[in-house]
Protein chains: 2
Amino acid sequence: MQTVSENRAFGGTQGVYTHTSAVCGCDMTFGLFLPAEAKDGPVPVLWYLSGLTCTHENAMVKAGAQAWAADAGIALVFPDTSPRGDDVADDDAYDLGKGAGFYVNATQAPWGSHFKMWDYIAEELPALLGEQFAIDLDRQGITGHSMGGHGALTLAMGLPGRFRSVSAFAPIANPTASDWGRKQLSAYLGDDESVWAKHDATLQMQATGFDGPVLIDQGSEDQFLELLKPECLAEAMMARRQEGSFRMQRGYDHSYFFVSTFIPEHIDFHAEALYS
Amino acid sequence: MQTVSENRAFGGTQGVYTHTSAVCGCDMTFGLFLPAEAKDGPVPVLWYLSGLTCTHENAMVKAGAQAWAADAGIALVFPDTSPRGDDVADDDAYDLGKGAGFYVNATQAPWGSHFKMWDYIAEELPALLGEQFAIDLDRQGITGHSMGGHGALTLAMGLPGRFRSVSAFAPIANPTASDWGRKQLSAYLGDDESVWAKHDATLQMQATGFDGPVLIDQGSEDQFLELLKPECLAEAMMARRQEGSFRMQRGYDHSYFFVSTFIPEHIDFHAEALYS
């Protein structure tokens, strides 16, 4: 692991690091904010999974999350959204290939050799964080935006006991029924739709739900609402009697201004679970 | 109008009043909490509609709402849930007849002569309040529990521009598809289901929605979940992109302990709309 940069921020440190990922077969970069409390021992961690076209950097510089994480004494990790490098397959479309890993383990050519974002987020990166930093892996929460909201929800439900709390901003909520989903799940996983189910938050909510609190925010003026399908996840949450809140925020769109407006409430939500 | 009782409470006054209702053709009783600010001029008002078997009294003495309304400077009105008196029709079942008005104008015998709870709440009682008390009818919000949540939502959507905000605790959310609804709507309104639609919050949400914020709380251990159908309303809210929050509160049941736990947040929610 190599340090790309470390900046003092909100009494703690905002770092960027690269490491060779065995899982993805390439070098990967991530951002990590450690609050001041990490000097004294392991702190809880909140994962922030980003959306289509993003790298580790977008949320790190635009979501305004560090101020609130510092107040709460929580670390933030900002992973990349796909494998990277010249020998990694890509596609001309912005929503397939690099920047569009969809948090799955691809099995289909040409994606199967590098696109293992599920295992990267579920196994390799947390192990690295636990080894290298003052992170308490017994206290993890997860959130994300758009494709990252999809990732946060499916990882939280797919790894029972791992995360104490999950939230999402404008998640891709029902990808098996959306053009943001069917194309990618087909390309990465093949045409057997039964394999797709664990990567669909609505289907996972119907099947198992989440053993902890859930918070979803969605903007009413989001330009991608027809692709995101919030109503499907809301119905599934309430039909399951899933502990949690689904909020439709009037006038907000899909941008980081939406995320930065509500990130304080999300961090408070996770802090309550991580410090209880 | 006659004063039944007035008690000093939280710096204001909790009153109980009776009046002859021309709409219901009987004497009706209601509770009204006026905060201290009402001495100096009209204050905003929050309607609290109660559930099956309740009178004006249950929420008034069990919901713990006055403390928070006093802080917010908001009046609370607690209407009864049906017409009353020896010449008013009734049924042996707890969920039809007295204590079970369902906030409709009945058209069918034997109910049609007295059961006009829609007009009572929509027209007669607000006019009386505006004449007799320091209530600002330009600033009204509405909430309710169970059958009263159904009433709050359907009145709010059925009277555009009347209420600035609506909330509900464990509302009967889709009565046209429930045994809490089909029996009563059939008895009160007859078998033409097209007439029922304005008395179904899910159908009204699909048809028009509400021009203001909506807050719904539902307990995950509510013993009546199969009758309440929260998932139908949640789906309809998010499909419409209705401004608002739908919250599933883990471990809470259908009792007033659920209501009294979350009434402070509901009053804050209405206060924000009524004082903006």
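From a predicted model like this one, the values you see are computed outputs, not experimental measurements. Just so it is clear: chains get the letters A, B, ... in the order the sequence lines come, proteins before strands, and each one is counted from 1.
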Listed by residue number, which members of residues 222-247 of chain A have a heavy atom under 4.5 Å from any heavy atom of chain B?
-> A/Leu225, A/Glu226, A/Pro230, A/Glu231, A/Ala234, A/Glu235, A/Met238, A/Ala239, A/Arg241, A/Gln242, A/Glu243, A/Gly244, A/Ser245, A/Phe246, A/Arg247
Within 6.0 angstrom of B/Trp196 CH2, more than 12 heavy atoms from elsewhere = yes
What residues of residues 253-276 of chain A sit under 4.5 Å from chain B when only non-hydrogen atoms are counted?
-> none
B/Trp118 atom CH2, neighbour heavy-atom count above 12 within 6.0 Å = yes
